[in-house]
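What follows is a single structure, written as structure tokens, with notes after it.
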2 protein chains.
Amino acid sequence: MAKLQKSIDKRNALIRATINLVNNNGFHATPMSKIAKMAKVSPATIYLYFENKQDLVNKAYLEVKSAFTDYAFATYSEEMSVSTGFEIIWKRIADFKLKQCEEALFLAQCDNTPMIDEPSRKEGIKHLQPLLELWDRGKKEGIIKPISDYLLYAYAINPLSFLMIMQQRGACAIDKMDLEEAYRAAWDSIKLD
Amino acid sequence: MAKLQKSIDKRNALIRATINLVNNNGFHATPMSKIAKMAKVSPATIYLYFENKQDLVNKAYLEVKSAFTDYAFATYSEEMSVSTGFEIIWKRIADFKLKQCEEALFLAQCDNTPMIDEPSRKEGIKHLQPLLELWDRGKKEGIIKPISDYLLYAYAINPLSFLMIMQQRGACAIDKMDLEEAYRAAWDSIKLD
DNA sequence: GTATAAAAAATGAACGTTCATTCTTTTTTT
DNA sequence: AAAAAAAGAATGAACGTTCATTTTTTATAC
């Protein structure tokens with residue numbers, strides 16, 4: 001137990017260090033030596049936990065993505081109405097993106113650069129399935145616009161990524177009012193009529 | 001003339017090569033030697049045109065950003081009504097983002113990573129001034145929601161970046177109908193009432 | 001509990017490679 | 001023939017990864 005515990009701590013420290021450094025410097029400007037230093041570990045030790053640098057960043061991506069979607073769907077259940085379900089999910093996503101900025105910023109960087117390899121990227125997308133199913137249901141019930149998931153995502157979810165980045169850079173502060181407003185805009189842009 | 005012409009050609013070739021390679025590999029995974037090769041130039045020659053690699057990518061960013069905003073505002077004039085002006089600008093932005101994918105993708109990557117240094121990033125933002133002024137006017141006239149420019153941008157413009165990236169990755173194809181729909185959603189989410 | 005040996009985990013130094021940049025020479029332009 | 005532009009080769013630093021050892025943990029015997 002003690003042994004396993006310790007290993008998990010180190011693994012977590014490595015992932016956290018990776019996220020932090022990649023956020024500030026980008027993937028290729030983050031040397032393994034710095035990751036090791038921040039995680040208080042020898043560079044060689046990283047290779048006991050991960051195959052190589054690419055594997056480290058892929059795993060970091062997938063873990064953060066999982067944490068994100070787990071959080072997003074934690075209070076949602078398929079019995080909810082489409083509009084309630086969407087509101088619940090949207091607000092959880094907003095919460096995550098604006099409060100767990102470090103993780104959210106890392107995901108944004110992963111999604112906007114060639115940093116993550118294609119298989120891991122594909123794997124990451126799968127985690128959004130519950131949202132896509134909700135949208136499908138909404139389309140069948142005539143509540144949500146019959147347009148592609150990409151368009152729905154672009155209108156309703158993606159604006160949150162932009163706001164998160166701006167807030168993270170200190171360009172603006174998003175308050176509760178803003179979020180209420182943003183939620184309404186999101187719902188208005190995907191609901192039918 | 002011949003000499004100057006030749007120089008500008010080489011400079012352009014270097015910028016284009018940078019954009020292309022950075023899009024596919026990221027900034028730090030794009031060696032000067034490859035940029036030189038793609039531009040059909042010796043690595044040493046790059047340093048006759050740019051101070052160093054950072055300078056090269058900063059200048060590439062600023063030039064693409066200029067091209068983008070020039071295109072966005074080319075058919076807009078301040079005499080137009082707020083709603084007409086917005087429609088004109090929005091559709092030009094959409095046009096640029098979805099047709100000049102290479103440039104647009106490069107900008108997205110610059111805006112979402114620590115690749116560009118802070119002064120150049122600040123400089124790049126200035127180019128959006130006409131849009132911000134239009135929004136100011138709209139707010140004063142009671143046509144546009146009295147919320148921060150960041151929120152307006154997040155709702156109305158940023159979704160286009162997401163769609164561009166998805167289309168570029170081959171995940172989806174955006175057609176004229178989609179764009180008409182997206183425009184309406186954009187306007188609905190920022191207009192007052 | 002304590003001593004001991006085998007196994008596992010962790011380390012710092014070293015290796016080979018790659019890269020941004022510079023240097024020296026050659027080619028082109030004036 | 002002088003000056004400017006361009007080139008390829010060279011340089012030194014930084015990087016990802018591996019190697020040879022050392023330290024820590026685990027398992028076993030008393």
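So that the names make sense, note that chain A is the first sequence line, chain B the second, and so on, each numbered from 1.
Pairs engaging residues 155-164 of chain B under the salt bridge (Lys or Arg N to Asp or Glu O under 4.0 Å) rule: none recorded [sequence neighbours left out]. Judged as a salt bridge (Lys or Arg N to Asp or Glu O under 4.0 Å), not a single pair has a partner in residues 160-173 of chain A (not counting sequence neighbours). Counting only residues at least two apart or in different chains, ring pair (Phe, Tyr, Trp, His ring centres under 6.0 Å) contacts with residues 17-38 of chain B are absent. Pairs of residues two or more places apart, or lying in two chains, never qualify as salt bridge (Lys or Arg N to Asp or Glu O under 4.0 Å) while including a residue from residues 22-33 of chain B.
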Enumerate, atom names and distances included, each donor-acceptor pair closer than 3.5 Å involving a side-chain atom of residues 156-167 of chain A, sequence neighbours excluded.
from	atom 1	to	atom 2	distance (Å)
A:Ser161	OG	A:Lys97	NZ	2.7
A:Gln167	OE1	A:Ile174	N	2.8
A:Gln167	NE2	A:Leu98	O	3.3

May I have the list of side-chain donor-acceptor pairs in residues 30-44 of chain A shorter than 3.5 Å, sequence neighbours left out?
from	atom 1	to	atom 2	distance (Å)
A:Thr30	OG1	A:Leu21	O	3.3
A:Thr30	OG1	A:Gly26	O	2.7
A:Ser42	OG	A:Ala44	N	3.2

Please set out all donor-acceptor pairs under 3.5 angstrom arising from side-chain atoms of residues 66-74 of chain A, sequence neighbours excluded.
from	atom 1	to	atom 2	distance (Å)
A:Ser66	OG	A:Leu62	O	3.4
A:Ser66	OG	A:His127	NE2	3.2
A:Thr69	OG1	A:Lys65	O	3.0
A:Thr69	OG1	A:Ser66	O	3.3
A:Tyr71	OH	A:Asp95	OD2	2.7

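At whole-Å resolution of the value, OH in B:Tyr49 and C1' in D:dA5 are 7 Å apart. Atoms NZ (A:Lys10) and C1' (C:dA10) sit 6 Å apart, rounded to a whole Å. Nucleotide D:dA20 holds its P atom 16 Å from the CG atom of A:Leu48, rounded to whole Å. As a whole-Å value, the separation of B:Lys40 NZ from D:dG8 C1' is 19 Å. Atom pair B:Leu14:CG and D:dA6:P shows a separation of 10 Å (rounding to whole Å applied). Put simply, CZ on B:Phe50 is 16 Å from P on C:dT22, counting in whole angstrom units.
By the salt bridge (charged side-chain N to carboxylate O under 4.0 Å, His left out) test, B:Glu79 is found to be paired with no residue, residues two or more places apart in sequence or in another chain being considered. Remark: A:Lys53 engages no residue in a salt bridge (charged side-chain N to carboxylate O under 4.0 Å, His left out) (not counting sequence neighbours).
Fit an axis to the five pairs at each end of the helix from C:dG1-D:dC30 to C:dT30-D:dA1 and the two axes sit 10° apart, to the nearest 10 degrees.
Between the side chain of B:Lys145 and the backbone N or O of B:Ser189 there is at least one donor-acceptor pair closer than 3.5 Å. Checked by atom type and distance alone, the side chain of A:Tyr155 never pairs as donor or acceptor with a backbone atom of B:Ala185 at under 3.5 Å.
Between B:Ser42 and the phosphate of D:dA6, there is no side-chain N or O to OP1/OP2 separation shorter than 4.0 Å.
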Reading 5' to 3' through nucleotides 12-18 of chain D, protein heavy-atom contacts under 4.0 Å coded B for base, S for sugar-phosphate only, - for none:
---SSBB

Tabulate protein N/O versus nucleotide N/O from nucleotides 25-27 of chain C, keeping only pairs under 3.5 Å, one per line.
none

